[in-house]
Each structure stands twice: as C-alpha cells, then as structure tokens.
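Position 1 is the first residue of the sequence; numbering continues from there. What you see is a predicted model, and the numbers here were worked out from it, not measured in a lab.
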Amino acid sequence: MGTYTVVVASTVQVQKDSVTTVAWFLLGATPLLLVVVGSAVWFLVGRSLRQVERIRDQVDHIDASRLSERVEVPPTNDEIHRLALTMNSMLDKLQTSDGEQRRFVSDASHELRSPLATISAGLEIAAADPSGDTWRELQDLLSGETARMRYLVDDLLTLAKANDGGIHISFRDVDLDDVLATEIRRLRPLTTHTINASLVPARVTGDAQRLGQVLRNVLDNANRHAISTITVDLSTGPDGVSVVIDNDGEPIPEVDRERIFERFVRLDASRSRESGGSGLGLAIAAGIMGAHHGAITASQAPSGDCRFELLLPSGAVE
C-alpha cells in the first residue's frame with residue numbers, strides 16, 4: 001500500500017502579505033495615476049481648446065468692414081481643421097451676401113434717382129410759372145415718371161418676397177394656355193412685331209396671376225429685343241409643361257445666361273432703362289418660377305434666335 005499525506009492546516013501568511021502589498025501599491029499608485037491621467041487630459045483638451053479659442057478670437061474680430069479676412073486653418077486634418085474650413089465657408093457666404101445687398105441698394109438707388117430727379121425738376125419749373133401752362137405741359141411727363149417709380153417699387157417688393165420665400169402663391173388648377181393666350185392678346189396691339197403662337201391645352205397647379213406676371217415679363221423682354229418676330233410655343237411632355245418664347249434678336253451670350261436672371265442686370269446698351277426695362281423682370285420671373293417648383297432658362301434656338309424656356313410640373317404642387 002502507498003503512503004498518503006493529509007494536510008489539515010497551512011499558513012496563509014504568504015497570500016496575506018501579497019494582498020497587503022497589492023493593496024498598499026494600489027492605495028499609493030491610484031492617486032498618482034489619477035494625477036497623471038488628469039494632467040494628460042488637461043494638456044490634450046487644453047491644447048485642442050486653444051485652437052478653438054484661437055478660431056473664436058479670429059472670428060470675433062471680423063466685422064462688416066473686415067469680411068474679407070479668414071480663419072487660419074491648422075494642418076491637423078481633424079475636427080479643428082474641419083471647423084476652421086466651415087467657419088471660412090460661412091464667412092465666404094456672408095461676404096457674398098453683403099456684396100449682393102450693397103449692390104442691390106446701390107442699383108435700387110440709381111434706378112430711383114432718375115425719376116425722382118425728373119419729378120423734382122418738373123415741380124420746380126412748374127412752381128415758377130404762375131400761369132400754370134408749364135404744369136399742363138409737364139403733366140404727362142411727371143405722371144409717367146411717377147408710374148415708373150410705382151412699378152419699380154412694386155417690382156422690388158415682389159423680388160424681395162420671392163428671395164425670402166415670402167411671396168404668396170395660391171395653388172389652384174390653372175389652364176396655362178388661357179393665361180398665355182391672354183398675355184399674347186395684350187401684347188399684340190402694343191408691338192409692331194409678328195407674333196406666331198402655337199398653344200395646346202395645358203393645366204398646371206399654381207397661381208394664375210403670378211404665372212401671368214412671369215409670362216408678361218418674358219414676353220415684354222422678347223418684344224424689346226426682337227427685330228421682327230416673336231414665336232411662342234406651349235407643349236406638354238413627361239417632364240411637365242413647357243413654354244418656349246423665341247425672338248429673332250441677338251441671343252444671350254452663353255456666359256451670361258445665368259447672370260441675366262440676377263437683379264438689375266443689363267447686358268448691353270440695348271438692354272437699358274431707356275428701352276423700358278428696369279433689369280428686374282427676369283429676376284422676378286425666376287423667383288416666381290422657383291416658388292412654383294419650376295425653372296426658367298435662357299438659351300439659343302436652333303435657328304439662332306434668342307430663346308427663353310419655362311418648365312412647370314404638370315402635377316399638383318403645394
């Protein structure tokens with residue numbers, strides 16, 4: 001038979017000493033570890049926040065007179081890098097908006113200055129004539145300048161509402177062919193040009209009065225620049241309802257086909273206020289078409305004529 005040894009009890013002093021050593025180690029090392037971690041976090045976060053604070057300080061010193069300044073972009077390719085790029089992008093938009101606003105105020109002032117000067121001079125001349133003959137002679141001129149100012153102010157208000165999304169649109173079923181036919185009938189007695197029209201029944205959802213305003217502005221623009229002929233074509237297709245208005249005048253250069261829809265844009269001397277345009281008609285047309293979820297574009301017809309195309313969705317738009 002073999003020999004067996006039974007251990008009834010054994011000292012745990014070694015284990016106890018080990019646990020005590022570890023406990024004292026943890027007790028002493030934990031505060032040190034917390035200090036090290038806290039210091040590292042403070043250093044890293046502080047370093048990142050210093051970059052943010054630098055960007056904040058740079059932006060804080062940029063005002064309306066210093067919109068051309070930009071934030072320094074750190075070459076770190078991280079969140080701070082993207083934040084600086086975003087701030088610069090925002091400053092680009094603010095500078096562009098500020099420039100457009102200043103140009104708008106300048107152009108509006110320039111447009112209003114001419115009729116105001118005419119009215120002011122006419123009133124002074126009429127007041128200096130006690131007989132009243134001068135007033136009767138200038139009455140038609142002053143009435144025309146007053147009407148011109150009224151139309152210009154109305155156009156400015158319409159354009160401001162369109163740009164701010166505040167233009168009121170009453171969405172109802174509209175027979176666009178009837179609206180277009182009405183505007184063509186209005187134009188015929190006022191022009192010496194030949195108007196050729198090809199219309200088909202077309203129904204859209206929108207504001208008949210505002211759509212009539214768009215068609216009137218584009219037709220008046222075509223009438224001002226046509227040589228002898230204006231061609232109007234209304235058609236329907238899978239993309240919606242299309243109105244194509246051609247005139248045999250000089251086509252708009254390709255580089256200006258988007259700019260022509262900006263406010264107060266006249267491309268040459270023939271497109272001047274003396275010819276009856278304020279430079280707002282096409283901008284208003286573009287704003288109203290946008291409110292109808294449509295589009296208006298300028299191009300050149302295959303025949304070489306100047307072309308404007310209006311595209312409206314044929315379904316319900318609300």
Side-chain angles (χ1 to χ4, degrees), residues 22 24-110 156 159-167 239 252-268 279-280 282-300 309 311 313:
V22 172
W24 281 107
F25 177 78
L26 291 176
L27 185 63
T30 298
L32 179 61
L33 181 62
L34 291 177
V35 170
V36 172
V37 172
S39 299
V41 171
W42 177 84
F43 174 77
L44 294 175
V45 173
R47 183 179 179 182
S48 299
L49 291 180
R50 279 196 299 273
Q51 295 283 351
V52 175
E53 177 62 20
R54 180 175 56 82
I55 294 174
R56 187 207 65 79
D57 184 66
Q58 290 177 342
V59 174
D60 186 59
H61 285 82
I62 297 176
D63 54 23
S65 63
R66 304 169 62 183
L67 286 177
S68 60
E69 296 187 10
R70 293 295 179 267
V71 172
E72 181 182 350
V73 180
T76 53
N77 199 27
D78 57 3
E79 288 79 3
I80 305 299
H81 174 86
R82 291 191 290 272
L83 174 63
L85 292 177
T86 301
M87 296 301 297
N88 285 340
S89 176
M90 181 190 68
L91 290 171
D92 288 338
K93 295 175 183 177
L94 287 175
Q95 185 178 18
T96 300
S97 177
D98 180 73
E100 290 179 352
Q101 184 178 8
R102 291 176 184 273
R103 186 169 60 253
F104 176 77
V105 173
S106 175
D107 291 340
S109 300
H110 182 71
L156 289 171
L159 189 59
K161 291 179 180 178
N163 290 344
D164 294 339
I167 188 170
D239 295 331
I252 297 173
E254 188 173 355
V255 295
D256 295 319
R257 289 175 186 173
E258 293 185 5
R259 193 172 68 89
I260 192 66
F261 297 104
E262 297 177 5
R263 297 168 294 192
F264 297 109
V265 170
R266 300 184 184 92
L267 300 184
D268 52 44
L280 293 175
L282 294 179
I284 291 173
I288 295 176
M289 289 295 291
H292 282 80
H293 306 280
I296 176 172
T297 57
S299 61
Q300 181 175 347
E309 183 173 3
L311 183 63

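A salt bridge links Asp256 with Arg259: the closest approach of a Lys/Arg side-chain nitrogen to an acidic carboxylate oxygen falls below 4.0 angstrom.
Of all the heavy atoms in Ala295 and Met289, the pair that sits closest is O-CE, 3.2 Å. What you find for Pro313 and Gly294 is that their closest heavy atoms are CD-CA, 4.2 Å. When every heavy atom of Asp239 is checked against every heavy atom of Leu311, the shortest pair comes out as O-CD1, 4.1 Å.
Annotation: side-chain contact (heavy atoms from CB on, under 4.5 Å) contacts of Glu69 (sequence neighbours excluded): Ile62, Arg66. Applying the side-chain contact (heavy atoms from CB on, under 4.5 Å) criterion to Val59, with sequence neighbours excluded, gives Ile55, Val71, Met87. With sequence neighbours excluded, no residue satisfies side-chain contact (heavy atoms from CB on, under 4.5 Å) with Glu258. Under the side-chain contact (heavy atoms from CB on, under 4.5 Å) criterion, Glu254 pairs with Arg257, not counting sequence neighbours. Taking Glu79 as the reference, Arg82 meet the salt bridge (charged side-chain N to carboxylate O under 4.0 Å, His left out) condition, with sequence neighbours excluded.
Within the model, atoms CD1 of Ile296 and CG of Leu282 stand 6.0 Å from one another, a figure rounded to the nearest 0.5 Å. Between atom NE2 of residue His61 and atom CZ of residue Arg56 there is a gap of 8.5 Å, rounded to the nearest 0.5 Å. Annotation: the span from Leu91 atom CG to Thr86 atom OG1 amounts to 11.0 Å, rounded to 0.5 Å.
Identified under the salt bridge (Lys or Arg N to Asp or Glu O under 4.0 Å) test for residues 87-96, with sequence neighbours left out: Arg70-Asp92.
A donor-acceptor pair is defined here as one N or O able to donate and one able to accept, closer than 3.5 Å; no such pair exists between the side chain of His81 and the backbone of Pro75.
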